[in-house]
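Numbers restart at 1 for each chain; the letters A, B, ... are given by sequence-line order, proteins then strands.
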Amino acid sequence: MNELFIYNTEARKKERFIPIDPKNVRMYVCGVTVYGNAHIGNARPYTAFDILFRLLRHRYGEDHVTYARNITDIDDKIMQRATDEGVGIKAISRRYAKIFQADIAELGSLVPTLEPKATDHLPEMIKMMRTLIEKGHAYEAEGHVMFDVTSMSNYGRLSRHSRDELVAGARVDVAPYKRDAADFVLWKPSSKDQVGWGSPWGRGRPGWHLECSCMIEKHLGVEIDIHAGGQDLIFPHHENEIAQSECAHGHNFVRYWMHNGYLTVDGVKMSKSLGNFHTIREVLDQHGGEATRLSLLTAHYRQPVDFSHDNATEQKRRLDRWYRLTDGIEASDTVPETVIDALSDDLNTPMAIAALDALASPKTAADLKAGANFMGFLMQSNESWFRGEVPEGVSTEAIEAMIQARNQARLNKDFAESDRIRDSLLEQGIVLEDSADGTIWRRAD
RNA sequence: GGCGCGAUGGCGGAGUGGUGACGCAACGGAUUGCAAAUCCGUGUACACGAGUUCGAUUCUCGUUCGCGCCUCCA
């Protein structure tokens with residue numbers, strides 16, 4: 001087994017992965033803000049880094065990897081939604097967290113070890129802000145607690161932005177209570193009708209970045225191995241997490257930063273603000289979990305992946321072939337080295353998929369199944385994959401009866417009748433295939 | 001304006017300093033009553049220009065085009 005290499009955003013190059021503690025490898029992936037239905041672009045990090053989780057478990061042992069993925073359940077957009085619907089924020093965050101978890105599960109990703117919520121960590125946040133103020137890295141201003149960017153000499157090292165550049169490139173008005181234009185919010189005041197928590201600086205709510213710093217410290221420790229998320233989080237989110245955690249602890253925060261590229265539609269980033277999105281649910285309903293997962297993994301995680309129905313359909317066909325080959329086959333006990341080696345090179349999933357294709361022959365079907373299972377594929381029975389739920393208005397008995405009638409017609413060389421029956425079934429979404437062993441049926445795509 | 005990423009066959013998409021994965025589609029054949037599935041076979045792809053080199057798709061520089069971050073965002 002080759003060594004594991006990871007592209008570290010901070011170093012801007014691939015680096016050999018050396019865990020802090022091989023008995024407890026710790027990874028954190030920024031989760032979602034639960035204020036609405038997640039789109040398929042949101043699903044990309046949770047499939048890509050699910051592969052990382054699986055790979056780390058394979059290399060270090062299932063009990064030696066801790067994977068935390070947070071749920072941001074306090075945010076102005078959640079508050080807005082709650083106001084619009086006339087309900088509390090918990091009603092909103094619970095609803096969409098549940099949907100998100102179900103979506104991700106259907107995409108075949110393993111459940112993380114921990115899924116901490118922001119609102120469960122208010123005491124930790126207050127403690128960290130106190131520390132930052134005591135150490136001179138934060139200040140109070142008009143009910144806000146602000147992080148003082150000038151107090152950190154190497155602020156901006158992850159995104160490679162200098163404070164001056166940030167100020168020069170600022171496209172928003174600078175709030176008057178900021179000492180420096182680049183300072184960011186740790187805590188902001190809440191009005192009477194807004195959700196808030198008591199704090200030494202008045203009733204308010206946390207800024208976006210604080211929760212991750214606090215949850216990582218509490219659940220994973222002061223320094224962790226891997227922190228991952230979408231490229232759009234590099235700045236400001238991850239930059240600010242570094243600032244908070246390192247200034248609070250006086251210690252390095254993260255060893256390896258990993259960032260996935262965007263999912264695009266027609267070459268443009270899919271985002272809620274652009275409105276050009278497909279929800280995960282829509283895509284799952286149309287293409288199913290495994291084909292969607294495979295289509296997300298056909299491109300390397302750092303490259304953009306253009307979402308299209310054609311691609312998802314293509315992956316469905318590939319999976320059809322793999323399912324046919326592995327029908328009734330037990331998976332090998334070991335995951336093929338070719339798959340592990342491909343993934344160990346900075347999660348090269350396209351190469352891993354090619355390695356699976358290379359095993360797609362009757363002789364190596366058991367290895368194919370083991371490798372595919374490892375990556376979260378071929379998890380269903382063939383019965384379920386090819387037939388699933390039959391289309392509405394068609395019963396299995398009716399299908400079997402028509403197959404019998406058709407085979408009788410074929411024996412009588414009444415091919416007009418036999419084709420009529422086959423076409424009739426096809427109209428109902430059922431495909432027939434004649435083989436040496438008899439006629440089988442499956443649901444049409 | 002600052003910082004950064006990318007450009008590979010009809011499509012998707014890896015990789016490499018030296019006759020160019022893999023998949024899908026297409027085409028030819030085998031098989032089939034016909035299909036489907038399966039099997040066999042076929043394709044002068046590396047944006048453009050210059051440089052380094054015995055040799056570049058792969059390294060360097062430039063050009064063009066596309067995309068992203070600098071504001072909420074996976």
Side-chain angles (χ1 to χ4, degrees), chain A residues 9 12 29-33 35 38-49 69 72 75-77 156 159-162 164-173 182 184 208 228-237 239 259-264 266-274 277 280 294-306 308 310-322 324-325 342 345 348-358 360-362 386 409-411 413-416 418-419 422-423 426 431-436 439-442 444:
Chain A
T9 306
R12 304 282 160 102
V29 176
C30 282
V32 284
T33 302
Y35 68 94
H39 61 66
I40 187 66
N42 293 123
R44 171 117 105 139
Y46 312 122
T47 54
F49 300 123
R69 186 180 64 206
T72 299
D75 169 87
D76 285 5
K77 277 180 280 205
S159 59
R160 303 203 175 179
H161 288 315
S162 71
D164 294 344
E165 286 164 10
L166 288 171
V167 173
R171 300 196 304 238
V172 286
D173 292 336
F184 61 88
W208 175 34
Q231 268 171 5
D232 44 0
L233 298 183
I234 296 172
F235 189 91
H237 187 53
E239 198 68 77
H259 293 95
N260 62 276
Y262 300 120
L263 181 141
T264 59
D266 298 327
V268 181
K269 178 184 173 186
M270 181 187 290
S271 71
K272 287 183 179 175
S273 40
L274 284 177
F277 67 91
I280 300 177
L294 188 53
S295 117
L296 291 174
L297 294 174
T298 49
H300 181 85
Y301 78 95
R302 281 190 284 115
Q303 295 301 124
V305 62
D306 202 58
S308 71
D310 285 352
N311 183 269
T313 303
E314 180 181 327
Q315 302 322 322
K316 163 79 164 57
R317 300 226 171 90
R318 194 199 300 252
L319 287 165
D320 283 345
R321 192 161 48 84
W322 290 356
R324 283 189 184 102
L325 272 164
D345 182 14
N348 194 332
T349 52
M351 189 170 265
I353 292 165
L356 292 178
D357 277 322
S361 75
F386 284 111
R410 290 172 71 209
L411 278 176
K413 306 260 186 231
D414 184 356
F415 297 119
S418 126
D419 289 349
R422 186 169 62 194
D423 291 345
L426 185 58
V431 175
L432 297 190
E433 295 177 9
D434 299 324
S435 75
T439 301
I440 59 167
W441 65 270
R442 63 183 166 86

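- Every stem involving RNA chain B, taken as at least 3 paired positions in a row under the Watson-Crick or G-U wobble test at 3.5 Å, is listed here: B:1-7 with B:64-70, B:10-12 with B:22-24, B:26-30 with B:38-42, B:47-51 with B:59-63.
- Asp320(A) meets the side-chain contact (heavy atoms from CB on, under 4.5 Å) test with Lys316(A), Arg324(A), Trp385(A), Phe386(A), Asp445(A); sequence neighbours excluded.
- In this structure, the CG atom of Leu319(A) is 13 Å from the C1' atom of C24(B), given to the nearest Å.
- Straight-line distance from the CD1 atom of Ile353(A) to the C1' atom of G23(B): 9 Å, rounded to whole Å.
- For the C1' atoms, the distance from A56(B) to U16(B) is 10 Å, rounded to whole Å.
- Here the straight-line distance linking atom CD of Gln303(A) with atom OH of Tyr262(A) works out to 13.5 Å at 0.5 Å rounding.
- Ser418(A) comes within 4.0 angstrom of a nucleotide base, judged by non-hydrogen atoms across all strands.
- Side chains of Lys413(A) and Phe415(A) form a contact here, defined as non-hydrogen atoms less than 4.5 Å apart.
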**Report entry** Derivation of the side-chain contact (heavy atoms from CB on, under 4.5 Å) call for Glu433(A) and Trp441(A)
**Finding:** CA-CA 6 Å; Glu433(A) 295 177 9; Trp441(A) 65 270; over 6 Å; no
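- A search for salt bridge (charged side-chain N to carboxylate O under 4.0 Å, His left out) contacts involving Lys269(A) returns Asp232(A), not counting sequence neighbours.
- A25(B) and G13(B): their C1' atoms are spaced 14 Å apart (whole Å).
- For Lys316(A) and C24(B), the shortest distance from a side-chain N or O to OP1 or OP2 is not below 4.0 Å.
- The backbone N or O of Asn42(A) lies less than 3.5 Å from a partner atom in the side chain of His39(A), making a donor-acceptor pair.
- Rounding to whole angstrom units, NZ of residue Lys269(A) and C1' of G66(B) are separated by 16 Å.
- At the heavy-atom level, Gly41(A) lies under 4.0 Å from base atoms of the strands shown.
- Between the P atoms of C48(B) and U57(B), the separation comes to 10 Å (whole Å).
- Within 4.0 Å (heavy atoms only), Phe415(A) reaches at least one base atom of the nucleic acid.
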Query raised in the report: What one-letter contact string describes nucleotides 4-16 of chain B from 5' to 3', where B marks a base within less than 4.0 Å of any protein heavy atom, S marks contact via sugar-phosphate atoms alone, and - marks no contact?
Result: --------SSSS-
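- In this structure, the separation between CH2 on Trp322(A) and CG on Leu356(A) is 4.5 Å, given to the nearest 0.5 Å.
- Contacts of Ile234(A) with the nucleic acid, taken as non-hydrogen atoms under 4.0 Å apart, are absent.
- Heavy-atom distances to RNA chain B give each of Val268(A) and Arg317(A) a nearest nucleotide, and the one nearer the 5′ end belongs to Arg317(A).
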Between the protein and nucleotides 36-43 of chain B, are there any N/O to N/O pairs under 3.5 Å, and if so, what are the atom names and distances?
residue : atom : partner   : partner atom : Å
A36(B)  : O2'  : Glu433(A) : OE2          : 3.1
A36(B)  : N1   : Asp434(A) : O            : 3.0
A37(B)  : O3'  : Arg324(A) : NH1          : 3.4

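- Within 4.0 Å (heavy atoms only), Asp357(A) reaches sugar-phosphate atoms of the nucleic acid but no base atom.
- Counting non-hydrogen atoms under 4.0 angstrom, Leu263(A) reaches a base of the nucleic acid.
- Separation of the P atoms belonging to C27(B) and A37(B) is 13 Å when rounded to the nearest angstrom.
- For the P atoms, the distance linking A47(B) with G12(B) amounts to 14 Å, nearest Å.
- Qualifying side chain to side chain donor-acceptor pair (under 3.5 Å) partners for Asp434(A), counting only residues two or more places apart in sequence or in other chains: Arg406(A), Arg410(A), Thr439(A).
- Taking atom C1' on both nucleotides, G10(B) is separated from U44(B) by 16 Å, rounded to a whole Å.
- In the set G23(B), G33(B), A74(B), the nucleotide with an atom closest to the side chain of Arg422(A) is G33(B).
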Query - Worked verdict on Asp345(A) versus Met351(A) for side-chain contact (heavy atoms from CB on, under 4.5 Å) - result: CA-CA 9 Å; Asp345(A) 182 14; Met351(A) 189 170 265; 5.7 Å; no
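- Here Gly31(A) lies in heavy-atom contact (under 4.0 Å) with sugar-phosphate atoms only.
- Taking atom P in both C69(B) and C46(B), one finds a spacing of 32 Å when rounded to whole Å.
- When atom types are taken as modelled, the side chain of Arg321(A) and the backbone of Arg318(A) share no donor-acceptor pair closer than 3.5 angstrom.
- The shortest distance between side-chain heavy atoms of Thr72(A) and Val32(A) does not fall below 4.5 Å.
- Val305(A) is not listed as a side-chain neighbour of Thr264(A), based on a closest heavy-atom distance of 4.5 Å or more.
- Defined by atom type and a distance below 3.5 Å, a donor-acceptor pair is missing between the side-chain atoms of Gln315(A) and Ser295(A).
- Nucleic acid contact class of Tyr46(A) (heavy atoms, under 4.0 Å, all strands): sugar-phosphate only.
- Across the C1' atoms, G18(B) and G23(B) are found 27 Å apart, a figure rounded to whole Å.
- Picking from G2(B), G33(B), C72(B) the nucleotide with the shortest atom distance to the side chain of Asp419(A) gives G33(B).
- Within the 4.0 angstrom heavy-atom criterion, no nucleotide atom of any strand lies near Lys413(A).
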